[in-house]
Amino acid sequence: MSRKAVIECKHVSKTFYTLSGDHLVVDDLNFTVYENEFVVLFGPGQCGKTTVLNLITGLELPTKGEIIVAGEKVTGPSPKRGMVYQTTNLFMWYNVMKNVEFGPSVRGISKKERRKKAQHYIDLVGLTGFEKHYPVQLSGGMQQRVGIARAYCNEPDIICMDEPFGHLDAQTRYLMEKEVERISSQEKRTVVFVTNNVEEAIYLADRIILLRNLPTSVKKEYTVDLPRPRNYVSPEFLALREEITRDMDPTL
Amino acid sequence: MAEPIVKVRNLTKSFGDLLVLDDVSFDVQKGEFLCIVGPTGCGKTTFLNSLTKLYNIDSGSITINGKDIDLRQNNIAYIFQEYSAMEWLTVEQNIMYGLKIKHVDKDIIRQRVENVMEIVGLTKYRNFYPRQLSASMLQRVVIARAFAVEPELLLMDEPYGQLDLQLKYHLEDELIKLWQKTGTTVIFITHNIEEAVYLSDRILVLTNKPTKIKKSIPNNLPRPRKISDPEFVKLRNEVTDLIKWW
Amino acid sequence: MKKSSIKQKAGTILLPAVGFVAILVIWWLLVSFTRIGLLLPTPLEVLKRFIYFLGNPIGKAFTLPMHLLISLRRVLTGFCIASVAGIIVGISMGRFKPIEAIVRPIFELVRPIPGVAWIPLAIVWFGIGETAKTFIIFMGGFVNIVVNTYAGARHVDERLMGVAYMLGASKIQAFFRVVLPSCVPYIFAGMQVGLSTCWMAVLAAEMVSSFEGVGWVIIAGQDINDMAQIFVGIIAIAVMGLLLAAFMRFMERILCRWRERGA
């Protein structure tokens, strides 16, 4: 069985040229993500994970190498690549419904059709009944659900999630991890999820790509085939967690 | 058992009609590392602010060494989530700051500051300014500063909330080292159950609002602890079952 | 709980009322028992006159409400032009670098000039008709609206612009759905200050050259040495200013509903 590659990252390097000198942030990064796979990019502290996501979504362009998403070379931002952010980045002046339907709306999809679509994803993330609420009226976890629905509603080829739960407390985080697992089992998508939390990585991932500290490149890959839903304290889970922690580059 | 250093009795607090703390009583032994965990939204912050008398409590009492708590008299240190190092002071000056305010003898200051800087590995960075440090280094400064004043009681409110897990355990190991060497009494409030099991001598589990104490669980696991140890997992599960809402 | 709600009421209603009553009492005492009475009417006289003018003309033709309406119309004309122009200039300065480079130095030069300084120029340019007054009022409001709108346009969250582009928005769509809404709170702050400066400018304009309006009421009172009339004018100005500010706050509440936490 050959799987269809959706993201191909080929010899990608990124240097930032600044007044204080050149900073090599990504150095010869190579990996492939397959269709409907849930891949976690995992690495220590500030290891340039966000830069990798920016390269995939096209907000930054590589200095060397190329990234192919769904057969097309990435040359700039595109609605084909969705993003869920750590700081939610919701449009504060729009209610939940208008936030979720933003993508279809700017792409000129008829009101009736986009409302139906948006409602589907609002229901999917468990926000039914909150359509008319403004973001300030929602808790952190609920805001993050809106961000997820907004990304899904644009029906992109891939969805990138940049430490979406970094600001939530440990328990709300468990809840959101469970929710993301439920959502991605109901609506299969190709997801690239960035985190620095090893528990979260193992709980969610089909495959974990461990990144080196700056400059970023792939250090090791782990295929996680524990049965879902996973148990945070099962011996296999904890053993993998200790293995990955051992393999990680130390940070200060 | 020795007389407890901190005694909290029948602590009650409400905002308007909303009862947030309902008849909370507990003791803390001298030198104990007490972790307090509760479900999200359990009034953790109110709990802490009442303990430190930032809020006027409705009824009940808090005593330290048998006397009513008094922020001017008692030597209490806090470490909160936001690192608050003073930007215009170097690492060393930051750590000295609290001691200087309390007019501690110069030689003692020097000795204590050297000691805590050594334990958390800040000696090399003594002349750095906070801006020049990473988040984890900054967190070390804040922790070293708190321990340097040798407080009667140290209150910590999720100081490691935003750091990544590996780093967190590294810093927690340092925290344990400092605590063991100084014999400080610590109250550590967190949402993270694993963290509570990793650090504590005893875990106080809170209920949802109005906050009460659900259970006090002693934690005698040998240190250094290992998160995959079956005993560790057993205790973690026990606490989780008391709290779980997600 | 009861205790705290009484305390709150005391803070919002009772204490300000105490202040007002105190001023009225001191005023009344001063007028009744000192020589200031020669220069100042009693509060009661002013109130009587105020009520009288509500139905009877001041000067030739207009009652007090009519004078107020005339002033108000002038203010609103100048203010509306100032708002439209101010928002356009502010946003283009904030969003387009070349425009910022060209316009900003000129603007910085004009900015410290107070509205009344334009009066002589306005009279030379436009005569003493309505155009001159509109111009003075316009200059009074324009600066504040530009300053605030410009600040708002510069503070648009660039990450949110990125979000909009990544969801497929064009530049125009991003402008109307991200730039404009995130400027609204700033624009409103500018319009609030602008409206009160416009209101000040109309009085100045009317005092210099006019035959009607509240500014004229005051000047006319001075000409005939009628203290009560001057006070009626001043109080009318204060009340109208308060009403305008309240109206702006009300509009802000409606347009910026998304900033309110309460459900």
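Lettering of chains follows the sequences in order, A, B, ..., and the numbering in each one begins at 1.
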Original post:
Is the shortest distance from a Lys or Arg side-chain nitrogen in C:Arg111 or C:Glu108 to a carboxylate oxygen in the other one below 4.0 Å?
Top reply: yes
Original post:
Side chain, backbone, both or neither: which part of A:Asn89 has a heavy atom under 4.5 Å from chain C?
Top reply: both
Original post:
So, the side chain of A:Asp206 versus the backbone of A:Phe38: is there a donor-acceptor pair under 3.5 Å, distance only?
Top reply: yes
Original post:
So, A:Glu35 and A:Lys188, do they make that salt bridge, N to O below 4.0 Å?
Top reply: no
Original post:
Just by distance, with hydrogens left out, do A:Gln144 and A:Tyr85 show a side-chain donor and acceptor under 3.5 Å apart?
Top reply: no
Original post:
Can a salt bridge be assigned to the pair C:Arg154 and C:Glu100 using a cut-off of 4.0 Å between side-chain N and carboxylate O?
Top reply: yes
**OP:** For the pair A:Arg81 (side chain) and A:Ile56 (backbone), establish whether a donor and an acceptor sit closer than 3.5 Å, ignoring hydrogens and angles.
**Re:** yes
Original post:
What residue in A:Trp93, A:Tyr134, A:Tyr94 has the most heavy-atom pairs under 4.5 Å with chain C?
Top reply: A:Trp93
**OP:** Could you tell me which residues in residues 163-181 of chain C have at least one non-hydrogen atom under 4.5 Å from a non-hydrogen atom of chain A, sorted by residue number?
**Re:** C:Val163, C:Ala164, C:Met166, C:Leu167, C:Gly168, C:Ala169, C:Gln173, C:Arg177, C:Val178, C:Pro181
Original post:
Has the side chain of C:Gln192 got a donor or acceptor atom that lies under 3.5 Å from a matching backbone atom of C:Glu252?
Top reply: no
Original post:
Where on A:Arg150 is there a heavy atom nearer than 4.5 Å to chain C: the side chain, the backbone, both, or neither?
Top reply: both
Subject >> Closest approach of A:Val6 to A:Tyr34 (non-hydrogen atoms, all atoms of both residues) >> reply: CG2-C, 3.9 Å
Original post:
Using 30° and 60° as the class limits, which term best fits the ring planes of A:Tyr121 and A:Tyr152: parallel, tilted or perpendicular?
Top reply: tilted
**OP:** Look at A:Glu113 together with A:Lys111 and state whether they make a salt bridge at an N to O cut-off of under 4.0 Å.
**Re:** no
Original post:
Under the 6.0 Å and 45° cation-pi test, does A:Lys14 pair with A:Phe16?
Top reply: yes
Subject >> Neighbourhood of chain C inside residues 95-106 of chain A, taking heavy atoms under 4.5 Å as contact >> reply: A:Phe102, A:Gly103, A:Ser105, A:Val106
